[in-house]
Amino acid sequence: MTSESKRDQKNDTPETGDESLDFIRTIVSADLEAGKNEGRIQTRFPPEPNGYLHIGHAKAILISYGIAQQFGGKFNLRFDDTNPEKEEVEYVDSIMRDMRWLGAEWEDRLFHASDYFGTLYEWAQHLIREGKAYVCSLDGEQMREYRGTVKEPGRPSPDRERPAEESLELLEGMRTGEFPEGAYTLRAKIDMAHANMLMRDPLLYRIRKAHHHRTGDAWNIYPMYDYAHGQSDAIEGITHSLCSLEFEVHRPLYEWFIENLPVPYKPRQIEFARLNLTYTVMSKRKLLQLVEEDRVGGWDDPRMPTICGLRRLGYTSESIRRFCDRIGVAKRDSTVDLDLLKWSLREELNRTADRVMAVLRPLKVVITNYPEGQVEDIECVNNPEDESAGTRMVPFSGELWIEQDDFREEAPRKFFRLKPGAEVRLKHAYFIKCDEVIKDDAGNVIELRCSYDPETRGGNSPDGRKVKGTLQWVSTRHAVEAEVRLYDNLFREPFPEEGGHFLENLNPNSLEVLTGCKLEPGLAEAGDGFRCQFMRHGYFCTDSVDNKPGALVFNRTVTLKDRWAKIEAKK
RNA sequence: UGGGGCGUCGUCAAGUGGCAAGACACAUGGUUUUGGUCCAUGCAUUCGCAGGUUCGAAUCCUGCCGCCCCAGCCA
């Protein structure tokens, strides 16, 4: 381990102790020290199964899971399935798959808010008996009127003083399906003049005659988030219920239920800022819109910030974990630079990905002085960052593909690649010099005639002469063909939601599909989960959906840094 | 402008009265058989602003300014 990575680890992976802790870990650590919760730590991730997980969820998952891990606690997965109209099993499955991939392990602690519908119902009856809840007959519009505004207090519902017996009976009727949707609601009796709108007699239950993916048709009423969430935490013995900032205003209500119900445990809610990333959108609604309007190929389109999208693009779960460590946990709204995510990936792949030669936009090179029909096996280093990765043999011949971009007939000063009369190195092979440029009738360069120096085998000249450029190459006879998908940011603006509609800021060049790309022959067998660096291009992986033996399809996960592109762009 | 939050480098983010960590980005130079990696150097006299307390303030006090969240029978 280098001193660099040691330092990183120290900074990014706080230990219980000397290193600085984020504000949540500071609280957790203090609670532990104070002997709260019998020394237990238990956290949870409570997704609603109505969409796919994205990188923002990854942050939330990794915070809760990471804290449980770090402090010797437990981590639960609980589906917040209180709204049967929007929730589907498809989402349940994808959420579990993505969480496992991220490494967040809930062991045998998989729960559903719907597991607690019975208890929740009994507790609702308890509140009614205590005079702290009542069945209300106001409809949606009336409810809004009675609630007041942020500046004006609300008015009590005419049903606020309904006798407990009557409310109990009506609630039972609601449950058994006696009333149509919207006829009644159950509300907590708190304070219609409270400055916090959520405390103005919030709804506990609404009538919904919908089929639930787990409870079927057993219920005609379903609990609201505020009534289900905190109680579920309490039932499971959650000690620290971590959520995003927008739930901060819900905390007084969360605590009101905990104080007014016979709950077995008293969890504590703590809020942190959710993740935003440049050049993408994170709201479920917008992601769903991209999918439904076919702006992308689906939830797992490699341009999506979803976990499955990032996975298909070629991201490793390790790089996402490291990214989340690096961005930290705080309460201020922030938007992290996408470059930091990309850097987290490159940092890992630079160490772990084997290098391979691929020519994406081929240009033919004929080596005129190379012995007719000869083929040589050239030994190539797999990973200069990792000697244990070893070497491989790649066939070299007198007819090769090189990258079109690696040749300029009229080249600028600092162009180190091939140009008429200039000499470059073919990686691991020989020096070649460009003698002649062949063009078609339209004037396009279609072939280069070059000569090689047999003395430079392996890439060094005995006479000590230097070349500035080193190019990757593929022997035409041995090349395997592939489709290569070059992905770029989904949006062309760092803040796509700012100024106008986000769809107007979609990047029209977020995907470029290249066919007939030439790869070194060893890649013919590349199967599922294969990942490598296409030398001088970037990191690529086989596409998990479309790659087949004999029909290779690669995705560009992320480019390499490109100083030359920067120099060119300046001019 | 009722309530709840938040304002430290371009972006994240440490710091919690003793004199501004780190990472990414950016810039320059070096090394290099990837214009990759790596290495070196630079990059906040200043912590939203204005006062005040103090020998000393990003940290404490007062006032102001800005941004985010809350009026779904969504979560």
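Every chain is numbered from 1, with letters handed out A, B, ... down the list of sequences.
Looking at K342(A) and N489(A), their side chains do bring a donor and an acceptor atom within 3.5 Å of each other.
Counting any heavy atom pair closer than 4.0 Å across all strands shown, R346(A) reaches no nucleic acid atom. Among the atoms of the strands shown, none is found under 4.0 Å from any heavy atom of L275(A). Within 4.0 Å (heavy atoms only), P46(A) reaches no atom of the nucleic acid at all. Across all strands, F247(A) comes closer than 4.0 Å to base atoms (heavy-atom distances). Among the atoms of the strands shown, base atoms are found under 4.0 Å from some heavy atom of D139(A). Using a 4.0 Å heavy-atom criterion, one finds that F323(A) contacts no nucleic acid atom at all. Nucleic acid contact class of R425(A) (heavy atoms, under 4.0 Å, all strands): base. Nucleic acid contact class of K86(A) (heavy atoms, under 4.0 Å, all strands): base. Residue contacts for N350(A): at a heavy-atom cut-off of 4.0 Å it reaches a base atom on one of the strands shown. Here R563(A) lies in heavy-atom contact (under 4.0 Å) with sugar-phosphate atoms only. Heavy atoms of H537(A) sit nowhere under 4.0 angstrom from any nucleic acid atom. When heavy atoms are screened at a 4.0 angstrom cut-off, M143(A) is found touching base atoms of the nucleic acid. When heavy atoms are screened at a 4.0 angstrom cut-off, N460(A) is found touching base atoms of the nucleic acid.
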Is there any protein nitrogen or oxygen under 3.5 Å from a nitrogen or oxygen in nucleotides 6-13 of chain B, and what are the pairs?
unit_1	atom_1	unit_2	atom_2	d
U8(B)	OP2	R332(A)	NE	3.4
U8(B)	O4	R332(A)	NH2	3.3
U11(B)	O3'	T335(A)	O	3.0
U11(B)	O2'	T335(A)	O	2.9
U11(B)	O2'	D337(A)	N	3.3
C12(B)	OP1	T335(A)	N	2.7
C12(B)	OP1	T335(A)	O	3.3
C12(B)	O5'	T335(A)	O	3.2
C12(B)	O2'	I327(A)	O	3.1
A13(B)	OP2	R332(A)	NH1	3.4
A13(B)	N7	R332(A)	NH1	3.4

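Phosphate proximity of C74(B) to R206(A): present, with a side-chain N or O under 4.0 Å from OP1 or OP2. Listed pair K342(A) / A25(B) fails the phosphate criterion, with no side-chain N or O lying under 4.0 Å from OP1 or OP2. Between R147(A) and G72(B) there is a side-chain N or O to OP1 or OP2 distance below 4.0 Å. An OP1 or OP2 oxygen of U37(B) is reached within less than 4.0 angstrom by a side-chain nitrogen or oxygen of K561(A). Between T82(A) and C74(B) there is no side-chain N or O to OP1 or OP2 distance below 4.0 Å.
Minimum atom distance to the side chain of R208(A) is reached by C73(B), of the listed A71(B), C73(B), A14(B). Relative to the side chain of D339(A), the nucleotides C24(B), A75(B), G2(B) differ in distance, and C24(B) lies closest. Side-chain proximity of Q533(A) to the nucleotides U34(B), C73(B), G5(B) is greatest for U34(B). Between A23(B), U34(B), A75(B), one nucleotide has an atom nearer to the side chain of T470(A) than all others, and that is U34(B). Across G36(B), A71(B), C73(B), the shortest atom-to-atom separation from the side chain of M224(A) is found for C73(B).
For the P atoms, the distance linking G2(B) with A13(B) amounts to 30 Å, nearest Å. Spacing of C1' atoms, A14(B) relative to A21(B), comes out at 6 Å, to the nearest Å. With P as the reference atom, A23(B) and C38(B) are 12 Å apart, rounded to whole Å.
In terms of position along RNA chain B, the nucleotide closest to L245(A) lies nearer the 5' end than the nucleotide closest to the other residue of the pair L245(A) and E385(A). Checking L426(A) against V249(A), the closest nucleotide of RNA chain B that is more toward the 5' end is the one next to V249(A).
Ring pair F540(A)/F554(A): centre-to-centre distance not below 6.0 Å. You'll find the ring centres of Y91(A) and Y52(A) inside the 6.0 Å limit. A centroid separation of 6.0 Å or more is found between the aromatic rings of H428(A) and F396(A). A ring-centre distance under 6.0 Å is found for Y225(A) and H229(A).
Distance L203(A) CG to G72(B) C1': 10 Å, rounded to the nearest Å. What separates NE2 of H250(A) from C1' of G72(B) is a distance of 11 Å, to the nearest Å. Protein atom CG of D226(A) is 18 Å distant from nucleotide atom P of C69(B), rounded to whole Å. One interatomic measurement links the two molecules: CD of E271(A) to P of C70(B), which rounds to 14 Å at whole-angstrom precision. The separation between E347(A) atom CD and A23(B) atom P is 12 Å, rounded to whole Å.
Look at C43(B): it lacks any Watson-Crick or wobble partner with both distances under 3.5 angstrom. Base-pair partner of U59(B): not found among the strands shown (Watson-Crick or G-U wobble, both distances under 3.5 Å). Shown here, G2(B) forms a base pair with C70(B); the pair counts as Watson-Crick or G-U wobble because both key distances fall under 3.5 Å. Pairing partner, A23(B): U11(B), with both Watson-Crick or wobble hydrogen-bond distances short of 3.5 Å. Remark: U37(B) base-pairs with no nucleotide; criterion is Watson-Crick or G-U wobble with both hydrogen-bond distances under 3.5 Å.
A glycosidic torsion no more than 90° from 0 defines the syn conformation, and G72(B) adopts it.
Stacking between Y225(A) and the base of A75(B) is absent under the criterion of ring centres within 5.5 Å and planes under 30 degrees.
Residue E520(A) forms a salt bridge (charged side-chain N to carboxylate O under 4.0 Å, His left out) with just one option from K427(A), R355(A), R392(A), and that option is R392(A).
Atom CD of E248(A) is separated from atom CD of E246(A) by 10.0 Å, given to the nearest 0.5 angstrom.
In this structure, R155(A) is positioned above the aromatic face of Y146(A), its NZ or CZ under 6.0 Å from the six-membered ring centre and within 45° of the axis. The side-chain tip of R531(A) does not point at the ring of Y539(A) from less than 6.0 angstrom away and within 45° of straight on.
Side chain E568(A) to base G35(B): no donor-acceptor pair is found below 3.5 Å. Between the side chain of R417(A) and the base of G35(B), a donor-acceptor pair under 3.5 Å is found.
Comment: K433(A) does not engage D453(A) in a salt bridge, judged by the lack of any side-chain N to carboxylate O separation of less than 4.0 angstrom.
Looking only at side-chain heavy atoms (C-beta outward), N50(A) and E88(A) stay at 4.5 Å or farther from each other.
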